[in-house]
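Reading through the structure tokens given below for one structure.
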Amino acid sequence: MNRICELLGIEYPIIQGGMAWVATAELAAAVSNAGGLGLIAAGGAPADVVREQIKKARTLTDKPFGVNVMLMSPFSDEVMEVVIEEKPAVVATGAGNPGKYIERLKEAGIKIMPVIASVAMAKRMEKAGADAVIAEGTEAGGHIGELTTMVLTPQVVDAVSIPVVSAGGYADSRGTKAAFALGADGIQVGTRFICSTECIAHENYKNAVLKAKDRDAVVTGRSTGAPVRALKNKLTKEYQRLEKEGASAEEIEELGVGGLRRAFQDGDIENGSLMAGQSAAMVHEIQPCAEIVKDYFKDVEF
Ligand SMILES: O=C(O)COc1ccc(-c2c[nH]c(CNC(=O)Nc3ncc(Sc4ccccn4)s3)n2)cc1
């Protein structure tokens, strides 16, 4: 039995990435109904919004689903309180160290799967009691680490004995086979699910992903210590100009605030932050989640 399927009680060892603004209850429920594990993104939302999303997901699926808590959010403490009360099957975390929450999450019977971008962090999370780790390579969209999926995954597999989910750059079943060859127990996918029928991202955002070419998912913010991968547009060019001129972190941050909302809600594909990973160039159609999940496991033994 596949260790991720066993741990989470799911049919396919695929997790939908908890992308801020993009991963709503509708998307998470669709992926869970398709046999994977859907994650509701807490993103930067306040606790009551997350509670309402969990309740909504419960009306849309009776399969396991989770919540992805972005630890850079100013609301992360109160969001975690709601998660401990509402008890979704799983909590994934991003952009930080969930160590201080792990004991109470375990007491609540919730599985914990932190995203990590280094071997040291993977070891720290195993020691802290995580049930699995999501090793995310720099190919991923959004806030990223420096190591590629190809070298991070096998090193994390060698470093910990808990199940490893590999994330970053997975676009089709060739990637799934590669992930298993690298020793992973499952994969996490974000970008391709933006182009799912059930995702409520603006059509312009989805079309920008469909149009992306191999080098269009660029990184900004390395100079401020918060590297973020998004599709090349006026905003990323402005970011890169400021960074080249040695602008302050505040000036650069200022540019990014509201970037995700402008892209996701307003469909402003020039001034919005079109967060997406390098797999965008391999996404060619908008499909229902059920078709996407099946495609990742076409002719794949697990
Ligand atoms: O050492 C520590 O304390 C923590 O170390 C870590 C360092 C990095 C990570 C990490 C890397 N990737 C992830 C999971 N992915 C993400 O968290 N991706 C994200 N995308 C958009 C986000 S919201 C945002 C908006 C503007 C600027 C930055 N972020 S968060 N976590 C996790 C832990």
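Read the numbers this way: they start at 1 and go in the same order the structure lists the ligands and their atoms. All residue numbers in this chain count up from 1 along the given sequence. Everything numeric here is computed off the predicted structure, so don't read it as measured data.
The closest approach between any non-hydrogen atom of Arg124 and ligand 1 is below 4.0 Å.
Between Arg262 and Glu270 there is no salt bridge, since no side-chain nitrogen of the basic residue lies less than 4.0 Å from a carboxylate oxygen of the acidic one. A salt bridge links Arg51 and Glu86; the closest N-O separation between the charged side-chain nitrogens and carboxylate oxygens is under 4.0 Å. By the 4.0 Å N-to-carboxylate-O rule, Glu126 lies too far from Lys123 to be salt-bridged with it. For the pair Asp172 and Arg192, the salt-bridge criterion is not met [side-chain N within less than 4.0 Å of a carboxylate O]. Salt-bridge formation is detected for the pair Glu146/Arg222: a Lys NZ or Arg NE/NH1/NH2 atom is positioned less than 4.0 Å from an Asp or Glu carboxylate oxygen. Ion pairing between a basic and an acidic side chain is recognised when a charged N comes within 4.0 Å of a carboxylate O; Asp77 and Lys100 show such pairing.
Distances from atom 19 (C) of ligand 1 to the protein include at least one heavy-atom value under 4.0 Å.
Residue-level proximity to ligand 1 for Val228 is carried by the side chain, the only part with a heavy atom below 4.0 angstrom. Contacts of Ala95 with ligand 1, taken as heavy-atom pairs under 4.0 Å, involve both backbone and side chain. Contacts between Met121 and ligand 1 below 4.0 angstrom, taking non-hydrogen atoms only, involve the side chain exclusively.
Among protein heavy atoms, the minimum distance from atom 30 (S) of ligand 1 is reached at Met70 CG, 3.5 Å. The protein heavy atom nearest to atom 3 (O) of ligand 1 is Asn97 CB, 3.6 Å. Of all protein heavy atoms, the one lying nearest to atom 6 (C) of ligand 1 is Gly96 N, 4.2 Å. Closest protein heavy atom to atom 16 (C) of ligand 1: His143 O, 3.7 Å. Scanning the protein heavy atoms around atom 14 (C) of ligand 1, the nearest turns out to be Val115 CG1, 3.3 Å.
None of Glu139, Gln278, Glu136 except one satisfies the side chain to side chain donor-acceptor pair (under 3.5 Å) rule with Thr149; the exception is Glu139.
Heavy-atom proximity to Gly94, at under 4.0 Å, picks out these atoms of ligand 1: 14 (C), 17 (O), 31 (N).
By heavy-atom distance, the residue among Met72, Met275, Glu136 lying nearest atom 26 (C) of ligand 1 is Met275.
Counting non-hydrogen atoms of other residues, nucleotides and ligands closer than 6.0 Å to CD of Glu103 gives a total of 12 or fewer.
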